[in-house]
Amino acid sequence: MLNETYDIGLGNHDTDLRKKASSDFLSFWDEQAKNLTWFTPWNKTLEWNPPFAKWFVGGTINASYNALDIHQKTRSNKPAILWEGENDESRVITYGEMFTQVQKFSNVLKSLDVKKGDRVTIYLPMVPELPIAMFACARIGAIHTVIFSGFSAESIKDRIADSHSKVVITADGGYRRGKVVPLKEVVDEAIKDFDFVKHVVVLERTKNKIPVSSKDKFWSDLMNDALESCDAEKLDSAHPLYILYTSGTTGKPKGVLHGTGGYLTHLYSTFKWAFDIKDSDVFFCTADIGWVTGHSYVVYAPFLHGATQIMYEGAPDFPDATRMWDILQKYRATIFYTTPTALRMFMKFGDEIPNSFDLSSLRLLGTVGEPINPEVWKWYFKTIGKEKCPIIDTWWQTETGGMLISSLPGLETIPLKPGSGTLPIPGVDIDVVDENGNSVSTNTKGYLVIKNPWPGMLLTLWGDDEKYKTVYWSKYENCYYPGDYALKDEDGYMWLLGRADDVLKIAGHRIGTAELESCIVSHHDVAESAVCGIPDDVKGEVIVAFVVLKQGIVDSKILEKEISDKIRNDIGAIATPKQIYFVSKLPKTRSGKIMRRLLKAIAKNEKIGDVSTLEDGAAVTEVQNAFDEIQNSINNKPK
Ligand code: ATP
Ligand code: MG
């Protein structure tokens with residue numbers, strides 16, 4: 001653990017808020033919920049039938065109303081979305097235009113007989129029509145279920161079957177890395193046996209020739225015929241807003257169901273505290289809307305605040321590695337929120353590229369999705385933020401709805417420590433416990449648990465209350481178990497050390513994958529790393545490390561020894577890997593997370609299991625090559 005601190009903030013010091021939150025978390029959240037616009041006030045803050053929570057009972061609200069209607073008097077000409085397409089296209093969509101489009105599309109959904117509580121699957125590329133479709137569902141009380149537009153027919157089929165959607169919204173294609181991704185054909189294949197899917201709405205994105213069937217209706221035709229006004233439904237606070245399947249890093253994705261009033265309260269508050277959002281900001285979150293970060297911090301939170309944001313289509317390194325910096329410079333972005341995976345990739349390309357852009361508009365940086373290696377944190381701070389932007393390392397999950405651990409520069413100024421998420425947000429009680437559920441002492445590793453309900457928490461897993469209970473609430477009594485390994489230091493700062501399932505048990509010691517990977521990545525020639533354990537008769541488990549080198553660096557025995565020595569010095573001899581494999585890329589989920597379980601399976605010569613969330617389409621061949629490369633390097637090395 002690095003105990004380096006960085007004193008950098010935005011000068012905010014609201015000490016009262018934390019005090020209020022810790023003295024009474026219910027009245028604290030009650031206060032926060034008043035920042036939203038409700039049709040009817042609630043009469044009970046929380047109805048808690050463990051493990052099922054209903055927030056703001058009796059209150060009625062609408063997400064689309066809070067995202068759009070409330071801004072029409074003051075912000076109708078303000079850009080909501082600054083959209084950058086892959087083919088040098090761009091569009092500016094104002095709050096006024098979003099409002100009109102969403103109301104029209106709500107009427108389209110009604111004309112297709114979509115009713116309150118019905119599910120609508122959305123399989124669209126990163127175009128403004130994606131949030132328009134989501135807000136339209138929310139407006140009439142339909143439950144949207146967005147599927148990442150890179151998934152195969154098989155993955156979509158499972159998800160549509162699970163949610164039983166009546167309508168599927170897709171496009172005639174999407175652009176990614178210069179190619180057209182055939183979305184409509186994939187949908188046709190996925191729904192061919194599903195009579196319950198009544199209509200397919202097709203957005204004309206690429207004007208590609210596509211097969212047309214009797215279920216298909218074109219977006220533009222439907223919109224031409226739609227009326228311009230549609231009132232937002234008054235929905236119960238706990239009315240389901242959406243189903244979203246998790247990234248599937250650890251196995252089969254889970255259908256997480258989120259509600260409305262609690263979820264929006266969580267998002268409104270965390271967006272303000274973490275990003276210090278102001279009307280003048282230009283916010284850029286690089287997440288695809290197909291993941292929870294896109295749902296929470298591209299679609300809902302920025303709109304609740306009437307913020308201007310950048311949305312982009314394509315990939316961060318296409319047509320080349322200048323893309324992100326180009327966009328940041330073009331729009332004078334003030335806040336940038338991305339993933340450690342993306343940062344490691346940018347870092348791999350070297351400093352010259354970002355240094356040749358004017359990034360001086362930036363005032364705050366953030367990351368999400370995986371533990372950030374301190375080395376990468378420092379690069380982000382120095383090379384991108386020019387040592388003047390605080391970095392927020394936000395820990396949360398699809399299930400938590402919004403951030404639960406993060407520094408909050410919009411609220412308070414605290415020293416930052418590279419690699420630590422810092423403190424839990426106000427109003428949640430987070431602890432680190434041992435196998436038996438007892439709190440571990442300071443600087444001792446254990447399992448992260450959440451000890452009270454929070455407003456953004458999932459309602460349940462779609463159609464499977466039992467699984468919801470077993471997965472999250474059975475390991476510890478009355479505590480939510482996120483499945484992450486962590487440590488709390490002497491300042492109460494949280495360090496996320498990787499997935500609990502991935503913890504390495506070497507000769508009686510427990511080592512988190514994040515600790516080891518950070519150590520390897522701190523070698524100046526290393527860009528990325530993933531470690532996993534394989535069974536060993538003597539030690540219980542031995543460590544295998546996969547290493548991706550920075551551009552232009554060639555692997556060698558000397559390098560291998562340097563990395564081994566570094567681990568021995570920084571962590572201890574016990575953690576010395578049995579094998580180090582140099583590879584050109586690591587298998588990742590489509591949300592950019594390293595899939596250690598795949599590496600483990602490959603290292604153990606086992607079946608690789610469910611890979612539905614692994615990168616496919618154009619990327620699948622690359623990933624397959626990575627597997628082969630790993631396999632070859634395993635076969636070619638003496639064991
Ligand atoms: P599945 O649950 O299907 O295996 P997943 O856990 O990858 O998929 P998400 O909900 O997208 O799906 O990811 C949440 C997880 O990502 C967290 O449980 C944690 O392991 C990791 N994570 C997210 N943010 C951070 C962070 N800032 N630091 C460390 N880990 C993080
Ligand atoms: Mg998970």
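Start at 1 and go down the list; that is how both ligands and their atoms are numbered.
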field: Neighbour count >12 (heavy atoms, 6.0 Å) for atom NZ, Lys54
entry: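 Counting other residues, nucleotides and ligands, NZ of Lys54 stays at 12 neighbours or fewer.
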Can you pull out the closest protein heavy atom to [atom]? Residue, atom name and distance to 0.1 Å, please.
atom: atom 8 (O) of ligand 1; result: Gly248 N, 3.1 Å
atom: atom 26 (C) of ligand 1; result: Glu370 O, 3.4 Å
atom: atom 11 (O) of ligand 1; result: Ser247 OG, 2.8 Å
atom: atom 24 (N) of ligand 1; result: Gly369 N, 3.0 Å
atom: atom 4 (O) of ligand 1; result: Thr250 OG1, 2.4 Å
atom: atom 29 (C) of ligand 1; result: Pro371 N, 3.1 Å
atom: atom 7 (O) of ligand 1; result: Thr249 OG1, 2.4 Å
atom: atom 6 (O) of ligand 1; result: Arg499 NH1, 2.7 Å

query: Less than 3.5 Å between some nitrogen or oxygen of Thr246 and one of ligand 1, yes or no?
result: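 Looking only at distances, the answer is yes, because the N/O contact criterion of under 3.5 Å is met.
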Give the atom numbers and elements of ligand 1 that come within less than 4.0 Å of a heavy atom of [X].
X: Lys254; answer: 1 (P), 2 (O), 3 (O)
X: Lys593; answer: 7 (O), 9 (P), 11 (O), 13 (O), 14 (C), 15 (C), 16 (O)
X: Asp484; answer: 17 (C), 18 (O), 19 (C), 20 (O)
X: Leu496; answer: 29 (C)

- prompt: Does ligand 1 have any atom sitting under 4.0 Å from a heavy atom of Ser591?
  reply: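 No, that is not the case, since the closest heavy atom of the residue is not under 4.0 Å from the ligand.
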query: Of all the heavy atoms in Thr394, does at least one lie under 4.0 Å from an atom in ligand 1?
result: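 Per 4.0 Å heavy-atom rule, Thr394 contacts ligand 1.
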message: Are Trp377 and Phe381, when compared by the centres of their aromatic rings, separated by less than 6.0 Å?
response: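 Here the rings of Phe381 and Trp377 have centres that are less than 6.0 Å from each other.
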- prompt: Any luck finding a side-chain donor-acceptor pair between Tyr263 and Ser296 under 3.5 Å?
  reply: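 Their side chains do contain a donor-acceptor pair, which is all the 3.5 Å distance test asks for.
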message: Whether the Tyr297 and Thr394 side chains hold a donor-acceptor pair (N or O, under 3.5 Å, no angle test) is what I'd like checked.
response: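 Checked: Tyr297/Thr394 side chains show no N/O donor-acceptor pair below 3.5 Å.
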- request: Would you please classify the geometry between the Tyr472 ring and the Tyr480 ring as parallel, tilted or perpendicular, with 30° and 60° separating the classes?
  value: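 Rings of Tyr480 and Tyr472: parallel, under 30°.
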- prompt: According to the interplanar angle, ranging from 0 to 90°, do the rings of Trp325 and Phe336 count as parallel (below 30°), tilted (30 to 60°) or perpendicular (above 60°)?
  reply: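 The rings of Trp325 and Phe336 stand perpendicular, inter-plane angle above 60°.
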- prompt: For Asp281, which of His305, Arg363, Gln309 qualifies under side chain to side chain donor-acceptor pair (under 3.5 Å)?
  reply: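 Testing Asp281 for a side chain to side chain donor-acceptor pair (under 3.5 Å) against His305, Arg363, Gln309 leaves exactly one candidate, Arg363.
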task: Of the side chain and backbone of Trp291, name the one, both, or neither that has a heavy atom under 4.0 Å from an atom of ligand 1.
output: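 Neither; nothing of Trp291 gets under 4.0 Å from ligand 1.
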- prompt: Just heavy atoms, cut-off under 4.0 Å: does Thr398 contact ligand 1 by side chain, backbone, both, or neither?
  reply: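 Within the 4.0 Å criterion, Thr398 contacts ligand 1 through backbone and side-chain atoms alike.
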message: Please check this pair: side chain of Thr400 against backbone of Gly402, looking for a donor-acceptor N/O pair closer than 3.5 Å.
response: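 Confirmed, Thr400 side chain pairs with Gly402 backbone.
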message: Could you tell me if Arg590 sits above the aromatic ring of Phe148, with its cationic atom closer than 6.0 Å to the ring centre and no more than 45 degrees from the axis?
response: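 Verdict for Phe148: no cation-pi partner in Arg590.
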message: On the six-membered ring of Tyr123, is Arg159 placed so that its NZ or CZ lies under 6.0 angstrom from the centre and within 45° of the ring axis?
response: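 Not satisfied by the 6.0 Å and 45° rule.
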field: Minimum heavy-atom distance Pro371-Leu496, with the two atoms named
entry: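 Distance-wise, the nearest heavy atoms are CB-O, 3.8 Å.
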